[in-house]
Amino acid sequence: ALPGVASARVEREWPGRVRISITDEVPSLVVESAGSAWVVGRGGRVLESVGVDPSTGQPPPAESPTDQDRSSLLKVSVDPSVLTDGADPLRPGQQVPRSFAGTVLVAEQMSTTLREKLAGVEVAGDGSLTLVLHDDAGRVAFGRPEAVPAKLMAIDSVLAGVDLTCMDVLAVSEPSRPTVSRRDGCRVNPPTVGDPAPSGAAGQPAAAGAQSRRTAAGTAGGTAGTAG
């Protein structure tokens with residue numbers, strides 16, 4: 001089978017013609033490990049081996065129209081032990097090993113908005129994932145690829161609704177209780193809800209219950225705590 005072909009259909013048309021319809025695989029990831037790199041399609045099929053430029057540590061630039069979208073693919077750096085032993089653990093035309101299939105699932109299920117915020121994904125030897133945000137904006141401790149929909153929903157909710165100033169790590173190992181830690185020395189004012197409390201008669205303060213502003217930092221399925 002050709003690695004870049006998802007499916008092919010052959011139809012005979014009388015009197016003497018044959019129509020062949022080909023559906024191409026859709027590239028999804030660039031997987032980098034131990035000085036090698038591969039393009040992986042949706043569903044986890046390895047499409048091609050692209051190598052790594054020793055001077056940059058990155059896959060070489062696209063050289064043909066079929067490769068032109070490689071730079072836009074999500075980059076995943078993988079500990080070699082997650083793949084297999086050997087110099088070339090992934091082979092074009094084959095599926096990724098089961099130990100890496102969960103990472104492919106995470107990439108396929110994440111929203112386009114989240115993908116656009118990521119500089120890449122790191123996969124540790126135990127299979128746990130760390131999502132790295134662009135522009136040194138922090139990291140997301142995803143954990144192992146389990147409870148994937150709940151974790152992705154928590155990430156989208158926190159990134160959209162919480163002040164991310166000097167964020168260090170967003171942890172979603174428990175997706176119902178995501179937490180945000182910030183870099184040392186960072187101070188962030190909590191968001192406020194409602195108007196300042198009105199003054200009482202003759203300039204006296206109003207009742208204590210009306211004097212304070214309420215703070216809110218809710219996320220879907222839980223509340224995002226802060227630490228640091």
Side-chain angles (χ1 to χ4, degrees), residues 1-123 127 129 131-132 134 142 145-153 155-156:
L2 297 175
V5 176
S7 64
R9 185 175 65 179
V10 179
E11 299 174 287
R12 170 178 273 181
E13 296 182 352
W14 297 98
R17 299 178 62 186
V18 173
R19 180 188 299 272
I20 301 176
S21 302
I22 294 176
T23 301
D24 292 332
E25 289 277 8
V26 178
S28 179
L29 312 172
V30 173
V31 178
E32 303 170 10
S33 181
S36 298
W38 305 264
V39 174
V40 174
R42 293 177 182 174
R45 191 180 189 193
V46 183
L47 304 185
E48 63 174 323
S49 175
V50 296
V52 171
D53 185 339
S55 64
T56 64
Q58 301 293 323
E63 297 179 355
S64 68
T66 58
D67 297 335
Q68 62 186 359
D69 60 347
R70 186 188 302 158
S71 61
S72 65
L73 300 180
L74 183 63
K75 295 175 177 59
V76 182
S77 299
V78 187
D79 186 290
S81 64
V82 175
L83 302 177
T84 60
D85 295 331
D88 190 18
L90 300 183
R91 289 182 171 81
Q94 297 183 349
Q95 293 294 117
V96 298
R98 184 175 301 177
S99 56
F100 186 66
T103 301
V104 175
L105 178 65
V106 172
E108 290 180 352
Q109 293 193 3
M110 68 174 55
S111 65
T112 301
T113 300
L114 177 56
R115 268 190 178 242
E116 292 174 347
K117 293 178 179 178
L118 297 182
V121 176
E122 298 173 354
V123 184
L129 277 61
L131 315 186
V132 182
H134 278 299
F142 192 94
E146 301 164 348
V148 173
K151 289 181 178 181
L152 291 175
M153 182 179 294
I155 295 169
D156 283 338

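Of all the heavy atoms in Pro149 and Gln109, the pair that sits closest is CG-OE1, 3.7 Å. Closest approach of Glu48 and Pro92 over heavy atoms only: CA-CG, 4.0 Å. Between Arg19 and Glu13, the shortest heavy-atom contact is NE-OE2, 2.6 Å. Here the closest heavy-atom approach between residue Glu11 and residue Ser21 is recorded as OE1-OG, 4.3 Å. Considering all non-hydrogen atoms of both residues, Gly127 and Pro145 come closest at O-CD, 3.4 Å.
You'll find the side chain of Val46 reaches within 4.5 Å of the side chain of Val96, heavy atoms only. Residues Ile20 and Val10 meet the side-chain proximity criterion, which asks for heavy atoms closer than 4.5 Å. Contact annotation: the side chain of Val76 approaches that of Phe100 to within less than 4.5 Å [non-hydrogen atoms, C-beta and beyond].
Rounding to the nearest 0.5 angstrom, the gap separating the CG atom in Leu90 from the OG atom in Ser49 is 8.5 Å. Atom CG in Leu131 sits 6.5 Å away from atom CG in Leu114 (nearest 0.5 Å). With rounding to the nearest 0.5 Å, the separation of CD in Gln94 from CZ in Arg45 is 10.0 Å. A distance of 8.0 Å separates CD of Glu108 from CG of Leu29, quoted to the nearest 0.5 Å.
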Do Met110 and Ile155 pass the side chain to side chain contact (heavy atoms under 4.5 Å, CB included) test, and can you show the C-alpha distance, the side-chain angles, and the key distance before you say yes or no? CA-CA 10 Å; Met110 68 174 55; Ile155 295 169; over 6 Å; no
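Taking Ser28 as the reference, Arg115 meet the side chain to side chain donor-acceptor pair (under 3.5 Å) condition, with sequence neighbours excluded.
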